[in-house]
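What follows is a set of notes on a single structure, which appears directly below.
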Amino acid sequence: SAQDQKKRAVAEAALAHLPKGGILGVGTGSTVNFLIDLLPSLQLEAAVASSKATEDRLKAIGIEVIDLNHVGSLDAYVDGADEIDRHLHMVKGGGAALTREKIVASVAREFICIVDESKWVTQLGRAFPIPVEVIPMARSSVARKIVALGGDPAYREGVVTDNGNVILDVFNLNILNPIEMETLINNIPGVVTNGIFAQRGANLALIASDQGVRTVKP
Ligand code: DER
């Protein structure tokens, strides 16, 4: 499809921005999956995966996957996003991997985000709901507090995360200050992670459109 062509193009363009050798943090999703197939050319020492799905794909192409506890810091973390704005603040979690994605991103010096242009937005949380990972017992109590914040939480039926938790997708939040909203949601007891990636956004975004791949810095 045309969108797959853009995802493939942005994955190819990303290679030039990734360090050769060393240990790379690898995200989750269909765009990253196009990149994973190209990673052997970087001759990495190993990779740290942000989900079991990514771990399986890395192993399938012969890249060693190591435990984050055996790594001090990473030169780079590469991942997709559901939305990204001009500050390179993101909404992530469409693939239910947001907790491990945020953890691995937190130890990387540089976060490189690869997206097709459909993810480029002016205000986060309008086109795409904010995923929130929640401890199962707190699903209803967190939902009520999210309503108090002005959001409409929807339980993502049938999904259990790699960490054994559930996901609420929060619609209609009016996010004028992503950094502040990320903190507000994080402070609700029972919330493990929320899909606003603003306190730590991306350092570089590669965005594929019909005109090619452009790079954006915050
Ligand atoms: O779940 C995630 O955060 C993924 O990175 C997602 O946001 C991007 O997935 P896609 O590349 O399949 O759109």
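Every number for a ligand or one of its atoms is a count from 1 in the order of the listing. The model shown is predicted, which means the values in this text are computed figures rather than measured ones.
- Among the atoms of A96, none of the N or O lies under 3.5 angstrom from an N or O of ligand 1.
- By the 4.0 Å N-to-carboxylate-O rule, R100 lies too far from E55 to be salt-bridged with it.
- The nearest protein atom to atom 9 (O) of ligand 1, hydrogens excluded, is given as G29 CA, 3.8 Å; this is a heavy-atom distance.
- Protein heavy atom in closest approach to atom 4 (C) of ligand 1: T28 O, 3.0 Å.
- Remark: the backbone N or O of F111 is paired with a side-chain donor or acceptor of N203 at under 3.5 angstrom.
- Here the side chains of V170 and N194 are not in contact, with every heavy-atom distance at 4.5 Å or above.
- Residue-to-ligand polar distances place G93 within reach of ligand 1: an N/O pair is separated by less than 3.5 Å.
- In the vicinity of K92, heavy-atom distances shorter than 4.0 Å reach the ligand 1 atoms 2 (C), 3 (O), 4 (C), 5 (O).
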Q) Stepwise, does the side chain to side chain donor-acceptor pair (under 3.5 Å) test hold for N174 with Q123? A) CA-CA 9 Å; N174 185 20; Q123 183 173 322; 2.8 Å; yes

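- The local environment of NZ in K145 is sparse, with at most 12 non-hydrogen atoms from other residues, nucleotides or ligands closer than 6.0 Å.
- The number of heavy atoms from other shown groups lying within 6.0 Å of CZ (R109) is above 12.
- Between V32 and ligand 1, no pair of N/O atoms sits closer than 3.5 Å.
- Annotation: atom 11 (O) of ligand 1 to nearest protein heavy atom, T31 OG1, 2.7 Å.
- The main-chain N or O of A81 is found under 3.5 Å from a side-chain atom of K119 such that the two form a donor-acceptor pair.
- Using modelled atom types, one side-chain atom of K92 and one backbone atom of G80 make a donor-acceptor pair closer than 3.5 Å.
- At least one heavy atom of G94 sits less than 4.0 Å from an atom of ligand 1.
- At the top of the distance list for atom 10 (P) of ligand 1, counting protein heavy atoms only, stands S30 OG, 3.4 Å.
- By the criterion of a heavy-atom distance under 4.0 Å, neither the backbone nor the side chain of V115 is placed next to ligand 1.
- For atom 6 (C) of ligand 1, the closest heavy atom belonging to the protein is D82 OD1, 3.5 Å.
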